[in-house]
There are 2 protein chains.
Amino acid sequence: MARKSASGRIGIADVAVKAGVSHATVSRVMNGNFTVDPEIAARVRAAAAELKYQPNPVGRSLALGKTDTIGIVVPDLANPTFQAILRGLSRAAAQDGYRVLIADSFEVSSEESILAGEARRRCDGLVLCAPRMSDAELEEIAPSLHPLVLINRTTAAPGVPSLVVDYGQGVQDIAEHLVELGHARLAFLAGPHGSASNDMRLKGLEAFMAAHPHVDVTMLEGGSDFDTGHEAVDAVLASGATGILAFNDLVAMGLMSGLHERGLEVPGDISVTGFDDIPFARYTTPALTTGAVPITELGEQAWRQLRALIRKEGDEPPGGWYQPRLEVRASTGPAKAPRTTVHG
Amino acid sequence: MARKSASGRIGIADVAVKAGVSHATVSRVMNGNFTVDPEIAARVRAAAAELKYQPNPVGRSLALGKTDTIGIVVPDLANPTFQAILRGLSRAAAQDGYRVLIADSFEVSSEESILAGEARRRCDGLVLCAPRMSDAELEEIAPSLHPLVLINRTTAAPGVPSLVVDYGQGVQDIAEHLVELGHARLAFLAGPHGSASNDMRLKGLEAFMAAHPHVDVTMLEGGSDFDTGHEAVDAVLASGATGILAFNDLVAMGLMSGLHERGLEVPGDISVTGFDDIPFARYTTPALTTGAVPITELGEQAWRQLRALIRKEGDEPPGGWYQPRLEVRASTGPAKAPRTTVHG
DNA sequence: CCGGATCGAGAAAACGCTTTCTCGAGTAGC
DNA sequence: GCTACTCGAGAAAGCGTTTTCTCGATCCGG
């Protein structure tokens, strides 16, 4: 516990002494309570200014029962998608005087739940970003995490808004685009196992395949980063596909880089598409055709939802559903004459 | 104030009642204090488990005078360099049970100082990332921010470790590389005004120019993002330079993209270099020659420094100086026959 | 068998703040 | 001129912990 007094930092008590009033009065002045004599208020303000007094947020939080902080749990801070969400969230929250505490689970889904709980306890609310945990686990802990907003994940637990991108429709749009360009053999470079957004893409592809029985779609194992794409070159070539749907832009970039090393032309030999439309997608060579998701906006929306929950406002429509927009750039083009399997 | 009791959440008091002991004993048990009867301890633990009790971090922070949180202030969260630092910092801090609070100043240097102070008060320490504020201002507020670690910036204020990348040497290495390839006309696409790391690059170039009076170096206005590079195409071409040192990888990527649109070959017509070696640099086409900085490691080191300060250990050597490593990739090549000014 | 040392746990103070409660002083009303 | 009411500010409680203080009980040696 406590040294005799003053932990070095100056507190409300020091101001009170200097101004010759009580703590209570100082607090009242600092919080703009007008039931205090203007002359005294001025004296207090002067004392506070002179001592450069700034209220201790921890004491404040304890008394007020709020921290003016929200938490965000992401599976991988290295992923530009989550960075963008974080950015949007942070900016939006900052405008309302809230700060963001980050918790990176490093894709360890077993830790996620504890991490979320711990983060939540320090904050007034939580954003759970594409959690990898099971539906059952999510549903179980959701109530204890309230106010809670989910991104790219839904739950049966009540009162939890979800912001989700319709990846299923997105991949269908991309696949359609490739088919229109004459590609008859497609390949999908899948994302991480257990990723809900990957499942949505898979479902979308199933729908696509049902609607286009004549199109051949190969499923390939994958991941979510450059290296995944780069290492997938052999598998992609072996598939004989001429139109490749990469899990996201990162994978697509890795793949394009790998194809380039093999001397293959994009889109001359093979068309490549990404997903997300991260800022870099516009500047690859060739510029990447992708499913554009307003990622930063997603973060902003997450804050709005969370804010409504924190303030117990009911007026914010709960959750939201984002449609990716097909962004056609230079990495896709007409299919060549049907290729046979080529060994790289 | 306060409602009668229990704000919904269960507290130490509830556990105490259920276990039939005092708050104090519960606290002792939770904190592994062994001066408590094992039988009672078990009872407390059982009660705690049954109620799913988790200590309130705010109350804990107030009593302990620590928050187990550190803050980081960055000028722009959209910048991959700062993202990487954040990632390294977050990961390293997490391993020691600390969380990271982020504060994005959005390049508004006037806000930086207040932002830093506010963030600091909520945390046990602060990392100030390439602050844009003036030397005087930095030196003035530094003491009130202690424990404080600076990245890419130094200050005369005592007790403030600095982790700085030797951008000056880095650009010199890159410039040398270009000269060795036969380039006699270089151009530097500068970074943001007021950025200390830009100043360091400028100093490095001055040294280079002094050592290479026969090499022509044009200074061009710039910034730190894609668009800066993209928009600089005209200026670059007008300069007649064949070797371009972009402020960082982002600018280089934007520039390459712009050159590509103009039908110019990199490195055939013009060699382009970046700085930082962000993950994307390896995957551009052509892959980007750049000055590689161990950015994530910088974040980790920042935590080590900060931790030493927080724990009041003296054994951590204060600060550090990072040498960029020239990473030669495909975006640089032999100079063509000297070009005359070309209009794009 | 008794006194001093030991030990374990409850009571209470402290962390720094906000807010209710309380009470004295000033003011208006009759 | 005295009561009733208002207003402003100090006292104190409370937020949820940790930790010192205190004290009864146990234990040991003399």
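When reading the values below, keep in mind they use all heavy atoms of this one structure, side chains included, and skip hydrogens, waters and symmetry mates. Proteins get letters first, then strands, A, B, ... in listed order; numbering begins at 1 in each.
When the P atom of dG14(D) is taken as reference, atom NE2 of His23(B) falls 12 Å away, rounded to whole Å. The nearest whole Å value for the distance from the CZ atom in Arg122(B) to the P atom in dC17(C) is 13 Å. Across the protein-nucleic acid pair, Met30(B) atom CE and dA9(C) atom P stand 17 Å apart, rounded to whole Å. Separating the CG atom of Asn56(A) from the C1' atom of dA14(C) is a distance of 14 Å, rounded to the nearest angstrom. Atom CZ of Arg60(A) and atom P of dC15(C) are 20 Å apart (whole Å). Separating the CD1 atom of Ile12(A) from the C1' atom of dC15(D) is a distance of 15 Å, rounded to the nearest angstrom.
Residue Arg28(A) places none of its side-chain N or O atoms closer than 4.0 Å to OP1 or OP2 of dT18(C). Side-chain N/O atoms of Thr25(B) include one lying less than 4.0 angstrom from OP1 or OP2 on dG10(C). Between Asn31(A) and dT18(C), a side-chain N or O to OP1/OP2 separation shorter than 4.0 Å is present. The side chain of Tyr53(B) places an N or O atom within less than 4.0 Å of a non-bridging phosphate oxygen (OP1 or OP2) of dT17(D).
One distance of note links CG of Asp68(A) with OG of Ser61(A); it measures 6.5 Å at 0.5 Å rounding. Expressed to the nearest 0.5 Å, how far CG of Leu86(A) lies from CD1 of Ile102(B) amounts to 4.0 Å. Here Ile72(A) contributes atom CD1 and Ile70(A) contributes atom CD1; the two are 7.5 Å apart, rounded to the nearest 0.5 Å.
For Leu64(A), whose side chain is taken as the heavy atoms from C-beta onward, the closest listed nucleotide among dT18(D), dT19(C), dG14(D) is dT19(C). In the set dG14(D), dC15(C), dA11(C), the nucleotide with an atom closest to the side chain of Leu62(B) is dC15(C). For Ala24(A), counting side-chain heavy atoms from C-beta on, the closest listed nucleotide (dT17(D), dA11(D), dA12(C)) is dA11(D).
Contact between Arg153(B) and Ser134(B) at its shortest, heavy atoms only, is NH2-C, 3.4 Å.
No donor-acceptor distance shorter than 3.5 angstrom exists from the side chain of Asn152(A) to the backbone of Ala130(A), with no hydrogens or angles considered.
Val21(B) comes within 4.0 angstrom of sugar-phosphate atoms only, judged by non-hydrogen atoms across all strands, and of no base.
At a non-hydrogen distance threshold of 4.0 Å, nothing from residues 33-44 of chain A comes into contact with DNA chain C.
For Tyr322(A), there are no ring pair (Phe, Tyr, Trp, His ring centres under 6.0 Å) partners at least two apart in sequence or on another chain.
Between Glu118(B) and Arg99(A) there is a salt bridge, since a side-chain N of the basic residue sits under 4.0 Å from a carboxylate O of the acidic one.
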